[in-house]
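First up is the structure itself, then whatever we jot down about it.
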Amino acid sequence: MPDQPKWFQTTAIDYPNSRPHIGTAFEKVGADVQARYRRMEGYAVFFLMGNDENTVKVSKRAAELGQDTQAYCDGMARQFREVWDALDISYDTFIQTSSERHKACCRKFIQKVYDNGYIEKGSYEGWYCDGCEEFKSDKVHTENAGNCPTHRRPLVRRAEPCYLFKLSAFQDRLLAHYKANPDFIQPESRRNEMISLIETEGLRDVNISRTGEDWGIRVPFDPEFTIYVWFDALLTYITGIGYGDDEATFRRYWPADTHFIGKDITRFHCALWPAMLWAAGEEAPRKVFSHGFVNNNGQKMGKTLGNIVDPMEIIARSNADAYRYFFLRECPYPSDGDYSGQRYEEVYTTDLGNTYGNLLSRVVTVAAKSLGGVLPGTAGRPPEPVAAGFDPAALVDEVRGHVENCRYNQALAAVMQKVLYPANKYVDETKPFTVVKTDPAAASRILFNLTEPLRAASILLKPFIPRSAETVYAALSFAKPWADVRYADAASPEVPAADLRVTAELVDGKPRPLFPRLG
RNA sequence: CGCGGCGUGGAGCAGCCCGGUUAGCUCGCCAGGCUCAUAACCUGGAGGUCGUAGGUUCAAAUCCUACCGCCGCAACCA
């Protein structure tokens with residue numbers, strides 16, 4: 001496919017100073033839906049994730065544990081990938097910023113920015129704490145009466161040489177870029193925030209170097225210094241697709257189609273990052289999507305509160321699809337959402353168990369037990385709609401729009417409300433289980449009509465709950481291979497060449513419950 | 001005057017950008033039905049001054065203004 005459109009997306013790369021939690025996972029799950037959707041729609045997708053390791057915090061954490069920093073990072077990367085794999089996150093590559101390749105490519109980029117005149121030597125002065133070994137903001141200084149809040153010691157004024165990236169030089173260009181590209185920052189509220197930030201506060205040059213650190217990437221033109229973590233972390237997005245040593249791949253995928261990030265790091269991605277790229281003569285990414293946060297029982301999650309939830313605990317209780325469904329259905333991706341065990345069970349039972357899974361059971365069981373697993377008289381004919389006035393093409397357009405704009409909760413709501421609820425209602429109205437006793441042909445038609453919402457819903461749900469959707473699709477002898485289905489296939493019914501058959505594995509004449517009740 | 005978000009029946013949300021049918025959905029509650037299915041499913045019902053006060057309009061949950069209340073960020077914690 002020479003003209004196949006490409007789709008390059010990334011998530012933020014995580015600090016491996018603690019294990020992933022349901023907040024970090026929220027981002028990956030949302031990004032994964034997009035990646036899976038784009039693959040379905042025929043894009044050549046490249047989905048990049050990774051860990052952000054070149055930071056003092058990581059080396060400190062490793063030291064605390066008495067481990068070699070690199071070994072610690074590798075171990076954490078393994079743990080992160082275990083969680084992402086358990087959630088069926090379909091990333092194509094996972095970058096560790098401590099890898100030699102990343103470092104080498106990173107240096108090339110920085111050298112280029114330096115050669116282009118956007119990095120210059122300067123001096124950074126601020127309030128320094130010897131205990132924390134870091135600078136504190138003026139605000140911390142004034143609010144704590146000149147002391148370090150953690151060490152209760154006076155902060156000292158300290159100046160040190162550094163390298164500054166001339167971010168201020170790009171202020172006007174950034175503003176013009178935001179205005180010329182309304183979709184560059186999503187959702188819109190974040191865009192307004194960034195515009196107002198630049199218009200009111202403006203952008204200052206940023207210190208992109210650190211001294212006295214062993215761990216990290218050396219500044220190529222002055223090895224006394226290491227590169228400040230943000231400047232190196234963002235570069236993952238291009239080193240991960242070949243910047244620096246694989247020009248062809250890089251040119252194929254860059255610019256990124258979407259960077260998925262948390263709302264807290266919007267400014268790094270929307271201001272610093274495009275400016276860095278421009279400084280090196282590259283294009284800005286096409287879109288930055290800032291998602292919301294997940295609370296735990298209405299409370300903010302944090303180490304200090306000790307209320308962090310590990311995704312693996314939830315998966316162990318249910319499964320990856322249920323996990324994905326809950327967060328995507330309950331937490332509006334652009335805004336904040338809330339997790340609670342009770343709500344999780346509620347959503348699981350209602351939508352997945354009672355509505356989707358149970359509909360399959362209702363249809364397949366009757367077909368298997370009373371019609372021998374075949375729906376006679378269905379070859380060569382299209383199913384009839386189960387609800388009057390239902391427009392499948394319009395629904396597909398609606399869901400597609402929601403997915404492309406990351407309104408996942410609304411996409412899922414639409415599938416439930418417009419396809420699956422009406423289908424269950426149709427079963428009650430038409431009573432195929434009664435009809436089958438006197439008029440098997442009529443019952444066959446009713447059941448056949450019901451296979452269509454199952455098929456359509458499964459296609460639309462494929463990016464969200466890939467395993468379950470496949471199980472449902474595979475329960476009936478639909479002609480089109482699962483790997484080939486696209487959203488457009490949900491817009492019009494499939495006409496079977498031969499009578500539709502039940503292909504699900506049956507136990508006692510019934511399919512195994514897709515989403516058994518949580519014990 | 002730092003920035004931003006939110007306030008819709010008991011709980012959680014959608015609708016608001018592009019004003020216009022009886023304000024929609026899930027859960028919960030009450031009553032009934034059904035029995036194919038995962039104690040499931042369907043129907044009906046109670047319950048809402050759409051934060052408050054003004055304004056624009058033939059018409060406002062929806063647009064404008066002011067105010068009240070809650071929350072987040074800014075300050076390592078995604």
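Quick caveat, the model's predicted, so the values are computed rather than measured. The sequence lines fix the lettering, A, B, ..., with proteins before strands; numbering per chain opens at 1.
In the set rG15(B), rC76(B), rC36(B), the nucleotide with an atom closest to the side chain of Gln410(A) is rG15(B). For Pro332(A), the side-chain atoms get nearest to rA14(B) when compared with the rest of rA78(B), rU38(B), rA14(B).
Distance noted for atom C1' between rG7(B) and rC16(B): 14 Å (whole Å). As rounded to the nearest Å, rG2(B) and rU21(B) have C1' atoms that lie 45 Å from one another.
A side chain to side chain contact (heavy atoms under 4.5 Å, CB included) with Pro466(A) holds for exactly one of Asp321(A), Thr471(A), Val33(A); it is Asp321(A). The side chain to side chain contact (heavy atoms under 4.5 Å, CB included) test with Val288(A) is passed by exactly one of Phe184(A), Phe260(A), Trp273(A): Phe184(A).
As judged by a 4.0 angstrom heavy-atom cut-off over every strand, Phe26(A) is placed among residues making no nucleic acid contact. Residue contacts for Pro432(A): at a heavy-atom cut-off of 4.0 Å it reaches no nucleic acid atom on any strand shown.
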| Watson-Crick and G-U pairing of RNA chain B, under 3.5 Å, as dot-bracket with | and [ ] | .(((((((.[[[[.)....(...]]]].(((((.......))))).....[[[[[..)....]]]]])))))).....
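One side chain, Ser458(A) or Tyr356(A), offers a donor N or O that lies under 3.5 Å from an acceptor on the other.
OP1 or OP2 of rC41(B) has at least one side-chain nitrogen or oxygen of Asn354(A) nearer than 4.0 Å. Close to rA78(B), at under 4.0 Å from its OP1 or OP2, lies a side-chain N or O of His21(A). At rA78(B), none of the side-chain N or O atoms of Lys263(A) fall inside 4.0 Å of OP1 or OP2 (strictly under the cut-off).
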Residues 418-425 of chain A side chain polar contacts: donor-acceptor under 3.5 Å, at least two apart:
residue: Lys418(A); atom: NZ; partner: Glu398(A); partner atom: OE1; Å: 2.8
residue: Tyr421(A); atom: OH; partner: Asp351(A); partner atom: OD1; Å: 3.3
residue: Asn424(A); atom: OD1; partner: Arg362(A); partner atom: NH1; Å: 3.0
residue: Asn424(A); atom: ND2; partner: Thr355(A); partner atom: O; Å: 3.3

